[in-house]
Structures are given as C-alpha cells and as structure tokens.
Amino acid sequence: MLSDVIRKRGPIKKIGVLGMGYVGIPAAALFADVPHFESVYGFQRDSPSSGYKIAMLNRGESPLKGEEPGLEELLKKVARAGKFSCTSDFSKIRELDAVTLSIQTPFLNKEDLLPDFSALFEGIRNVGHNLSPGMLVVLESTITPGTTNGVARELLEKESGLVAGKDFALAHAPERVMVGRLLRNIREHDRIVGGIDETSTQRATELYSPVLTVGKVIPMTATAAEVTKTAENTFRDLQIAAINELALYCEAMGINVYDVRTGIDSLKGEGITRAMLWPGAGVGGHCLTKDTYHLERGVQVLGKDELDFPKGEPSLYVLARRINDFMPTHMFRLTKDALARAGTPLKGAKIALLGWSFLANSDDTRNTPAEPYRDLLVAEGAKVSVHDPYVAEYPGVAMVPFVEAALEGADAVVIFASHHQYRTLDAKVIRSLSGKKHPAIVDGRNLVDPDAYIREGFIYKGIGRGDKNSHAIVE
Ligand code: SAJ
C-alpha cells in the first residue's frame, strides 16, 4: 500500500524543484524557508540560454529582472543558510522525498490543439530515472486535462519501473502566480491539490500547507485540478474578450467604454458581482494565450464521445481567444487612422512603441501583444522604435534605452503596457521631442488624459474611447 511505503519513509524533509523560472524560483525559496523542511534543490539545465541562473541562484541572487517584492531577500536568506542550492545534476533527485515540476507547456499548433510537452517530458524522464519508492511527484505546470493520470504517469512508471499510487505518489498542484507578486500569490492564494488517489493528495497537502499563510489547500482529483487551472485562465480570458468587444462597440457608437464600465460595475450587492475587467491593446503572457487550448484539447481527448454541444457552433472560449488576439490589429488600424488624419503615410513613419512586456511593471515578454502590432507596422514600411524600462533587448527588435530616444522625431506614440514610468508622460514634452505639428498618440491602456494631448495638437486614439477618437484637431 502506498500509505505504508510513505509512512515508512516518514515526513517530507528534502525537496526538489525542476524549472528555475517565474514559478519554480519563488516556490523553491518558500519551501526552503519552512523550518521543518531540511533542504531544497532547484534543478536547472545548464543550457547556453539559462545555465547562468545556476551560479546566480547559488549566490542567492534572483535572475528575474522585473520587480518581485521580497524575493531577492528570501533567496539570499535561504542560500546563505545552506537550505537552498541550485544544480544541473538530476541524479540528486534520488536523495529527495518530493519533487515538483514547473516547466513551460506552450502550444506547438493552436489550430490542431497540439501542446509542446517536450521540455516537460524531459523533466518527467529525469524524475522517473531517479525515482525511489515513497517519493511524491507534483506537476505544477499548467497541463491538458488528463495528463497527470495519463502520459505523465506512464512516463514515470516506464522510466522508474515503479507503479504510481502503489510505489510513489503523484499529484497536480497548479501554480497560480502573477509576475510582480510571485511570493504573495503562492502564500495567499488557495492551493488546488489534485492527487491521482487520496494518499497522493494527502502527501501533496503535507508539502504545500507549510508554505500557505492566508491560502488553504483545496483537495480534489488530479483531472479536476487540471480543469480548474485551465478553466480559471480561460474564464479570465473570456472576461477580457467581453470587455474588449464592448470597447470596439463603444468606439463604433462614439461613446466612452469606461463610462459604461463604471455604470455596469455599479450594480453591486445581493451577491451580484459584475466582475468587469479592463479592455486593452491585447492579451499576452504564457498563460491566458494558451490555457484555453489545453482545456479544449482536454475535452476533445477525455470527453470526445460524451460532449453535448450545439452542432456546428464554435467554442465560446476559442472565440474569446480570437477577439483578444485581434486587439493588436485594432491598435494598428487606430495608428494608421491617426496618422492619416495628419496626412502621414505609414511608409517611413516613425512610431514610438512604449511598453514591450505583456504586463505592467514586469520584464516578462512572453507572447507580448506588442509584437504582432510591430510586425504589421514594419510590414507597411514604418520605422518602429521600442522602449521598455524592464526590457533592454529582444531578438530582432530595435529597443532604445531611454524613452526620449523613442519619442525623438516620432510621428506617433503608442502605449502598449502601462508601466508606472509612463504615468508621468507629459504632452508638451512629447510634442517638442516629436517636433511634428500633429503627432499621434494611441493609447492601448487608457493611461493618458485625451484632452491634455488634444489641447497640444495631438491626434488622439484610445481603445474604447469612441467619445474622443474623432475629435477636432487643434491647430
Ligand atoms: N489583461 C487585459 N485586461 C485585464 C487583465 C489583463 O487586457 O483586465 C491583459 C494583460 O495586459 C496581459 C494579459 O491580459 O497582457 C494577462 O494578464 P493577467 O493579469 O491575467 O496576467 P497573467 O497571465 O500573468 O496571470 C494569469 C492569472 N490568472 C487568473 O487570474 C485566472 C494568474 O492568477 C495565473 O497564475 C497566471 O495567469 C498563470 O500563471 O496561469
């Protein structure tokens, strides 16, 4: 019986975390900070692109560049205390009681719903190869429903020769972190814990409970945990698509979506929530841009003969993805229209693109909506100069270190991320840097006051600002 094997092994003391990224690094540091956990290994492949993290982490330094309150201090503390170290030697997994995997699970092809599990499978094989009886394996990555009990279990059993649920415990405990608040999210969000059986759920609960301050463990089956995670991101994406569509409607009807949003949001009380999110220039990141497809694939694989759904109708969730993926194109059209009002052709126009990362105040550029937007401009012969206080370089993109350099001679200034550095942008200063009679300002995050720019002779365009987008030009 697995419970006997685990009882013989005793309480969890030594832990390993595979994948030193936005999820794995804070998770490992928090495990290492638990007094009754003896030691934590962070496992990182010593690859040309990310091997540098190993030495940094062993010095107690965080390789994450965005603002992460408390992470640097905690890493220094646990590294100096000798409770946390980073290695590329996966054979050390043999010494451990529990291993978690926080490895990226992008999609190869969204149309065919084909996920790219190559990195995750490599991690699972490394664990399987070094698995011993009584160990706990937890998948934290967001995965297609059915993966834990399916291919992950098979791979571990094949590599180890052991049997899940009999010789070792296996669970899915999806991460729920957002860049900029990694430690707080792990401590304060409730933790979904889904074992392949009751004993696995209990063992995983033993691992996560000590890290939680406000949050509590919510136990369920492994597949329910996979659906919970993919669905919560799918629903968020759907909420964003709903307000983005409303923003497009408001532009067409000549009204301000933010007035409407305030109105709808005022319906409170009686348990009524009208959780309105915010329209914008697009949805990026590693999560909302793909988790819908994990859910879609899950129902196709697990529920293929059971699903009762209106014939020929598209998935609401996939439609939401398409609406959110359309927003960078809409930003392109707003830019083109604004320049046309100034009589400036796109070909040869200088565009200052402010904010390359997908989220405000972060360095995370995964699936940034700014990229498809920039590509559309470049295809039309525009010259795009990109500034982001958190992103110094990006393959194939001309990043400039100072915002003034991007604004110099700009025909249009376009806001894609609402970094707090941009909150103090001044219309007069930008006008003089641009040197144009009627520069354009295209606001993808409702960051600027339209009137302050219109007064200075700018041509203003904003997502959802139908009330301003056809304003009279001030000469
Ligand atoms: N966005 C909008 N409007 C909004 C909110 C976000 O346009 O009202 C855009 C953002 O600009 C960004 C994208 O959507 O480009 C994603 O933003 P996000 O705030 O959802 O950030 P993520 O993707 O890092 O975080 C989500 C969160 N999921 C949910 O809240 C259900 C987080 O809790 C998850 O841990 C994370 O995905 C993940 O790792 O799965």
Side-chain angles (χ1 to χ4, degrees), residues 19 21-27 64 66 68 102-106 139-143 172-192 215 225-248 257-258 261 264-265 274-295 317 320-321 323-328 330-331 354-373 388 390 415-419 422 443-447 463-464:
Y22 292 99
V23 176
I25 292 172
L64 307 181
E68 282 306 339
S102 311
I103 296 170
Q104 296 210 35
T105 51
L139 303 177
E140 292 201 6
S141 309
T142 305
I143 45 185
H172 178 50
E175 58 80 14
R176 306 173 106 183
V177 296
M178 235 187 244
V179 285
R181 51 196 107 149
L182 297 172
L183 290 180
R184 204 180 73 202
N185 283 167
I186 296 174
R187 287 180 174 131
E188 299 185 0
H189 282 332
D190 290 343
R191 191 82 196 204
I192 308 291
E226 292 157 341
V227 173
T228 300
K229 174 60 190 185
T230 50
E232 70 184 15
N233 275 348
T234 299
F235 274 45
R236 184 170 177 78
D237 196 48
L238 184 60
Q239 284 173 289
I240 298 169
I243 188 84
N244 275 335
E245 182 161 340
L246 185 62
L248 298 173
V257 71
Y258 295 95
R261 186 187 179 285
I264 295 174
D265 220 30
R274 294 282 189 280
M276 301 291 289
L277 291 180
W278 301 93
V283 170
H286 179 60
C287 314
L288 270 59
T289 53
K290 68 161 176 47
D291 291 351
T292 297
Y293 301 112
H294 278 300
L295 182 62
Y317 307 142
R321 274 282 67 238
I323 290 169
N324 288 336
D325 279 350
F326 170 73
M327 298 313 284
H330 181 59
M331 284 292 284
L354 306 186
W356 190 255
S357 63
F358 84 89
L359 205 61
N361 309 321
S362 95
D363 68 334
D364 194 338
T365 58
R366 291 175 293 175
N367 304 313
T368 178
E371 186 158 18
Y373 168 79
D388 190 302
Y390 302 98
I415 298 169
F416 253 80
S418 51
H419 297 318
Y422 297 148
D443 189 353
R445 300 290 173 189
N446 201 38
L447 195 70
I463 295 279

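Any value given below was found using the heavy atoms of this structure, including those in side chains, with hydrogens, waters and symmetry copies removed. Each ligand, and each atom within it, is numbered from 1 in the order the structure gives.
- Among residue pairs with one or both ends in residues 275-284, none qualify as side-chain hydrogen bond (donor to acceptor under 3.5 Å, both in side chains); sequence neighbours excluded.
- Of all non-hydrogen atoms in V283 and T289, the two that sit nearest each other are O-CG2, 3.5 Å.
- Formation of a donor-acceptor pair under 3.5 Å by the R445 side chain with backbone atoms of I415 is not found in this model.
- Using modelled atom types and a 3.5 Å distance limit, the side chains of S357 and H419 yield a donor-acceptor pair.
- Panel note: side chain R321, backbone K290; no donor-acceptor pair is recorded below 3.5 Å.
- At a 4.0 Å heavy-atom cut-off, the residues surrounding ligand 1 are E175, R176, V177, M178, K229, E232, N233, R236, I240, L277, W278, G282, V283, G284, C287, L288, F358, L359, R445, listed by chain and number.
- The pair E232-R176 counts as a salt bridge, with a side-chain nitrogen and a carboxylate oxygen less than 4.0 angstrom apart.
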